Structure formats: structure tokens, C-alpha cells
Amino acid sequence: MTTELVVISGKGGTGKTSVAASLAVLAGPIVVADCDVDAADLHMLLRPEIRVVHDFYSGREAILNQSLCVRCGLCADLCEFDAFTRLQDETGITRMDVRLLACEGCGVCVRHCAAGAIEFPEKFRGHWFESDTRCGPMVHARLLVGSGNSGKLVNQVRRRAFELARQHDLAWVITDGSPGIGCPVIASLTGATHVLAVTEPSVSGSHDLLRLLALTRHFSIPTFVCVNKFDIYEPAAREIEHMTKAAGANFVGNIPWDRAFAVAQQEGRTVVETDGPGARMIREIWDRIREQIGQATQEGNHDEPA
Amino acid sequence: METKDSKKVWPEEVRGPIWAVASGKGGTGKTTVAVNLAWVVGEKVQLVDCDVEEPDAHLFLAGDASALREVTTQVPWIDQSKCDFCGLCAQFCQFNALAVVSRVSLVFPELCHGCRGCSMLCPHQAISMVSHRVGQMEIREIGPRLTLLTGTLDVGSPQAGPVISAVKELRDPRILTILDAPPGTSCSVESTLRGVNRVVLVTEPTPFGLHDLKLIVELVRLLRLSFGVVINRMVPGQDLVRRYCEEEDIPVWLEIPEDRRYAEAGARGRILVDEFPELRAAFVRLVDQLKEADG
Amino acid sequence: MKILVTTEGENLQAQLDVRFGRAKNFLVYSTDTMKWNIVDNQDNQDAGHGAGVSSAQKVVDLGVTAVVSGHFGPKAYEVLSAAKIMMFSTSDCTVEEAIDRHRNGKLPLVTTPKEPQSH
């Protein structure tokens with residue numbers, strides 16, 4: 001059975017990726033999955049060597065074939081997303097164009113264009129990769145700007161990570177989850193065995209954490225919580241610890257503010273490959289997580305009916 | 001902005017400029033910059049929180065929320081007495097917002113993009129479009145010169161675009177507007193940046209900061225917008241973002257030094273320019289530069 | 001009676017896939033003839049959004065009586081309920097074990113959707 005720990009954060013900038021990369025190094029060899037596709041930064045710390053490149057397509061988009069277009073303007077009249085623009089002079093419409101990034105791929109124009117001038121291919125949105133790193137295989141992606149993350153991509157990345165874990169006989173997948181609380185983060189959580197939420201001691205940090213904990217409770221996924229930069233505002237860190245326990249999640253540690261996060265990033269390393277209070281605390285957090293997952297697994301085996 | 005049913009069109013000369021504050025990744029201090037900018041601008045201004053998934057500007061700006069308004073989109077409603085369950089609508093829908101099983105047709109409004117394709121093609125005219133709530137907007141009068149407009153997407157509602165467009169429409173176009181954009185480079189950022197005069201890109205002088213800055217620079221260049229950079233948590237000697245901006249000929253409008261006191265004040269929800277005179281001066285300079293760029 | 005099990009593989013020994021909407025394959029098993037066949041669900045596995053709805057629509061069109069999977073999202077649940085298809089939930093087993101558990105009445109009938117909204 002593969003154990004998957006998904007690292008999530010709600011709001012951005014909490015140090016989620018730095019923590020995820022550190023855990024990958026401590027746990028390695030494992031499989032790493034980067035589902036934070038909008039701001040995919042994990043590769044800067046793990047420096048993957050790309051082995052396989054896949055194209056990623058999602059949805060469709062309208063492409064206007066100018067040689068067939070009769071410039072009737074019906075597409076612009078019907079489009080709810082203002083995706084068509086018309087150039088006009090006193091003789092009427094001189095040219096129709098599809099406006100950049102505006103098409104949502106609904107297909108209304110395609111269906112109604114009498115001239116058959118609108119093509120409707122699958123939309124190319126970027127690439128995803130299978131790579132090697134110093135802590136094991138890694139699956140990650142790079143999207144074109146304006147594409148946005150999607151449940152589909154997260155799903156593909158995680159699925160491939162699981163397949164690689166099976167092929168290489170590795171017990172762990174560590175996933176850098178998507179930010180926010182929307183569709184991509186739900187896609188990063190479905191079927192995960194454990195979650196680590198990295199938060200920070202601020203008004204918005206605890207606000208987001210509550211929403212995340214509601215989500216993981218809904219999925220019945222055992223959840224660990226740690227606070228990064230806890231010493232910036234300790235009362236909020238203490239409140240988060242209480243909140244975590246009240247929500248039935250597992251508080252695993254307070255990481256101090258440490259310049260090593262920035263320094264390690266500069267050097268393309270993870271925090272635990274430097275020395276300092278941040279690195280020490282992340283090691284402790286990892287020991288706690290491993291211990292508790294180990295216990296849970298043993299108890300789980302015990303309960304399993306023959 | 002060219003919209004199909006242009007509501008009120010103000011003559012060009014009375015329109016206030018629109019500035020947006022954006023960032024390639026979350027947590028760079030984007031909202032902090034937007035809030036402090038609005039606080040020091042020295043004229044009537046409206047701050048629009050377009051980060052509708054996680055709006056948080058109101059956590060910094062105390063003021064009573066008033067004038068709650070709903071944001072709705074148009075979604076199909078199927079008259080079951082006219083429907084013969086042919087399933088054409090479900091086959092057409094690119095977003096899987098409709099399903100037809102035996103003698104029931106179902107609509108999933110939260111998947112619908114509102115294209116009206118189903119209602120156009122239904123052979124029995126069984127589909128009409130009805131309003132569906134996706135979020136809400138609030139207006140807060142923060143002081144005599146500052147109004148905060150907040151858009152909030154309902155939990156479980158996936159499409160930020162309609163809420164962003166609605167909250168932007170709520171502004172008084174005659175006065176200066178500052179938009180706090182969602183983080184990243186997704187389509188909701190594009191919805192926010194549409195029609196903006198100037199973009200402030202907030203980043204950090206780290207490799208992550210630089211990487212994500214490059215992505216949003218790509219987006220604002222694609223949209224042909226005028227922009228400059230604010231480097232937050234600047235540390236002497238950490239020059240990679242500064243060097244990139246020099247090479248790319250991007251103006252650096254402001255550098256905010258890294259300081260634990262700023263981080264602490266921010267975590268408590270304080271407005272930095274009120275606590276630190278040196279930051280007030282820096283933000284006033286930022287306003288001057290933005291106005292200068294406006295000409 | 002035909003029952004359908006979501007799976008990552010292509011035979012009775014393959015693992016059950018707990019994700020209904022984004023399951024890779026459907027194994028359709030006839031309890032009368034004990035014969036089975038695989039229906040590819042790749043298009044829904046890769047759906048940009050609404051995978052639950054379109055997977056459920058596909059299941060309805062296959063004319064099965066019951067579905068065994070792990071998690072049914074709210075939209076899939078609504079479609080399958082409307083079609084009066086019974087849903088059963090299990091995990092950590094092969095397709096064959098899932099079918100056995102179902103036959104022996106060991107599987108709980110799903111009466112509420114498991115997951116929060118996902119798109």
C-alpha cells in the first residue's frame with residue numbers, strides 16, 4: 001500500500017513548498033508529485049532531471065478559419081464571453097477575430113456558424129513531466145500562462161506518481177498540494193492517505209486553516225498541522241494549535257522564522273540540507289508524522305479482518 | 001472596456017484610472033501593498049478586492065459592511081413537462097452541467113458556464129435560463145475618502161470570473177480604483193486585469209519570487225498592460241529580481257526592506273504606513289510614480 | 001443483474017478504484033452468467049470538470065443495477081439516484097473481492113454523497 005502525504009496551505013507564501021521539499025529529502029527515496037501547478041516552484045529545490053515530457057490538453061477552444069469566415073458576426077452575437085471582436089468600416093464587418101484568453105470552449109459558435117469556419121480542437125495548455133531527483137522520481141507540470149490549474153491535471157500528476165511508486169517499489173508519495181480551497185485542492189486530496197497543512201500565524205492564516213480542516217474532515221483524511229514562522233506572532237500560533245486540536249487534527253510543531261528558508265532557496269537546496277533551527281524543527285515534524293502514521297498503519301493491520 | 005450590453009458609459013475625460021496589484025504567487029504581500037497604497041493615495045479612491053476565493057483586505061480595513069448584493073449567473077432550467085429526454089443538451093454541454101437519465105433531466109448549475117447553448121438547441125424549447133447565485137458583494141465605507149468593495153465567491157462555486165466582473169462593475173468609474181487581484185496567472189487574474197491602466201506586480205527577491213514574477217510578466221505583456229514591480233522583503237545583496245528587472249527594462253517602483261516588525265504588524269492586521277513613517281514616505285513615492293506613469 | 005465496479009486495471013484481479021468520477025475503467029459483471037467486460041472510462045478520467053456527472057451518465061447508459069466504488073461525489077450521486085441505481089462503497093480490495101462482498105451483502109448501501117463539491 002502506498003502512503004501519500006499531501007502538503008497543503010490554504011493561503012500562499014506559508015513555506016508549503018519548502019516544507020514539502022524538505023520532507024521529500026528526509027523521506028527519500030520516494031516519489032514526489034508537484035500539484036501546485038500555478039506556481040510550480042518545487043523543481044527549484046529538487047532540481048529534477050526530466051526524463052519524459054507529456055503534452056497536456058484540457059477543454060476545447062474556438063479557432064477561426066479566416067478563409068471560410070463570411071463575416072456575418074453571428075458568433076460575436078451569440079458568444080456570452082465576448083470572445084469575438086469585429087473590425088468594422090462603413091462597408092460592414094471587415095474581419096472577425098477571437099480575443100486572446102477569452103474563449104471558454106462552450107462550442108456555441110461552432111454549432112451555429114453556417115460557414116463552418118470555426119474549428120474546435122482540444123486546447124493545449126502546457127506540459128507535464130516525469131523526472132529523476134536526488135530523493136526519487138518526480139512528476140510535475142508547467143502550464144502556459146492564463147491556463148490555470150485544473151482537477152484534471154492534478155489527477156494525471158498524482159496518478160502517474162502512484163504508478164511510479166508501484167513500479168519502483170517505493171512506499172511513499174509526497175505531494176506538494178494546490179493552494180486555495182477550490183477544485184484543484186480537492187483533486188489533490190481525493191484518495192490521499194494523510195495531509196500536512198502548513199500555515200502561518202496571522203489573521204488570514206487561521207481563517208484559511210479552518211476551511212482546510214473542514215475539507216479534510218469531510219474526506220475523513222487524518223490531518224497534521226504545523227505553523228511556519230510561528231514566532232512572528234505567537235498568540236496566533238497558539239490559537240492555531242488550539243484550533244487544530246479542537247478540529248480533531250494533529251498538531252506536529254512550530255517552525256521558527258529562519259533565514260535558512262531563503263538561503264536554501266537561493267542555493268537550490270531544501271531547508272533540511274542546511275543547518276539551523278528551521279531544519280531541526282522540520283526533522284522533528286517528520287519524525288512525529290512518520291511515527292504516527294506507522295502506529296496508525298499497525299493498528300489498521302490489526303483491525304483488518306482476515 | 002467593450003462589453004456587449006455596455007451599461008453606463010462615462011466620457012473618457014471623467015474616468016478615473018484603474019490600477020491593479022497582482023502577484024505570480026500568493027503570500028508575497030500583494031494585499032498589504034494594495035491596502036497601504038489605497039490608504040496613502042490622498043484622494044478619493046475605491047479599493048476592490050478581486051481575490052474572491054480568499055478576500056482578506058477587509059481584515060485590515062475596519063468598516064461596517066453595508067449594501068450586500070448577490071452575484072448571479074444565468075443557468076438552464078428544464079421544464080420537465082416539455083422535455084422528452086432526448087439528451088441532446090447533455091451531449092452538447094462541454095462542461096457536463098446536464099445529465100439525462102431515463103425520465104429525468106438534471107442540471108448542475110455550479111458546472112454551468114452560462115453559454116446558453118443548451119437552451120438554443122433544445123428541439124422542444126424546454127430549456128429557459130434562470131438566475132443562479134454564485135457569490136456576493138459588499139460595500140464598506142472605510143473613511144471619507146476610501147471605499148472598499150469586496151467580492152466573495154460562494155463555497156462550492158467554482159467560477160470566480162462572474163463575481164470579479166460584477167464587483168468591478170460596482171465601482172464608480174469617475175474616481176480612482178485600485179484592484180487587489182487574485183494570486184497566480186489563472187483566468188481569474190485575466191478577468192481582473194481586463195481594462196486596467198497600470199499593474200503593480202508584487203514579488204520577493206527569492207528564486208521562487210523571480211520564477212513566479214516571470215510568469216505574471218508574461219501574462220501582463222500578453223495583455224499589453226503597462227506595469228512595474230514592487231520588491232517586498234528586500235534584503236541587501238539579494239539582487240536577482242532587481243537584475244532581472246534591469247535586463248528586461250521593467251521599472252522597480254518600490255523596495256520594501258525585510259523587517260520582522262513589518263511582518264509582525266502585518267500578521268496582526270495592522271496598516272503598515274500608520275505604524276512606520278518610513279513606509280508611509282515610501283508608499284507616497286509609489287503613488288507619485290503611478291500618477292506620473294498615468295501622465 | 002449487472003453490477004459495475006470501478007477499477008484501475010482490466011480484470012477481476014485488478015484493484016478497485018475508489019474514485020468513482022475519475023475511475024480509469026468500469027468492469028461490468030453479470031451475476032447471471034458470471035461473465036464480465038471492461039468499459040473504458042478514460043474520457044471521463046481526463047474530463048476537465050464534471051467527471052462525476054459524465055461518468056454517472058455513462059453508467060446509466062450501460063443499464064447496470066448497482067455500482068461498487070469508493071467515493072461518490074454529490075453530482076454523481078444525484079445522477080445515479082435519479083436513475084435508481086444502487087451505490088455501494090468499499091476500499092482496499094480487488095474487483096473480485098468487491099463482487100464477493102457485494103454478493104454476501106457485506107457492503108453498505110451509500111445513501112448520502114461522500115464528498116464535498118468538486119469540479
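The figures that follow rest on heavy atoms only: side chains count, while hydrogens, waters and symmetry mates do not. This one's a predicted model, so the numbers in the text were calculated from it and none came from an experiment.
- Side-chain atoms of Arg99(A) and Arg194(B), non-hydrogen and from C-beta on, do get closer than 4.5 Å to each other.
- In this structure the side chain of Leu223(B) reaches within 4.5 angstrom of the side chain of Leu101(A), judged on heavy atoms.
- Considering only heavy atoms from C-beta on, Leu121(B) stays 4.5 Å or farther from Val108(A) through its side chain.
- Using modelled atom types, one side-chain atom of Gln265(A) and one backbone atom of Phe208(B) make a donor-acceptor pair closer than 3.5 Å.
- No side-chain heavy atom of Asp56(B) sits under 4.5 Å from any side-chain heavy atom of His207(A).
- Contacts of Leu59(B) with chain A are made by side-chain atoms alone, with heavy-atom separations under 4.5 Å and no backbone atom involved.
- Taking all atoms of both residues into account, the shortest heavy-atom contact from Glu53(B) to Arg211(A) is O-NH1, 3.7 Å.
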Please lay out, stage by stage, how Arg259(A) and Glu258(B) fare under the test salt bridge (charged side-chain N to carboxylate O under 4.0 Å, His left out).
CA-CA 11 Å; Arg259(A) 280 217 39 86; Glu258(B) 172 154 82; 3.0 Å; yes
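- For the options Gly117(B), Cys115(B), Ala263(B), heavy-atom pairs under 4.5 Å to chain A are most numerous at Cys115(B).
- Residue with the most contacts toward chain B among Gly268(A), Gly105(A), Ser9(A), Ala262(A): Gly105(A) (heavy-atom pairs, distance under 4.5 Å).
- Neither the backbone nor the side chain of Phe261(A) has a heavy atom closer than 4.5 Å to any heavy atom of chain B.
- Glu190(B) touches chain A through its side chain: at least one heavy atom from C-beta onward sits under 4.5 Å away, while N, CA, C and O do not.
- Your options are Gln266(A), His112(A), Glu200(A), Lys229(A), and the one with the most heavy-atom pairs under 4.5 Å with chain B is Gln266(A).
- Between the OG1 atom in Thr73(B) and the CD atom in Glu80(A) there is a gap of 10.5 Å [rounded to 0.5 Å].
- For Phe92(B) against Arg111(A), the heavy-atom pair with the smallest separation is CE1-CD, 3.9 Å.
- Pairing each heavy atom of Glu264(B) with each of Ile232(A), the nearest pair is CG-O, 2.8 Å.
- The two residues Asp231(A) and Arg260(B) make their nearest non-hydrogen contact at O-NH2, 3.4 Å.
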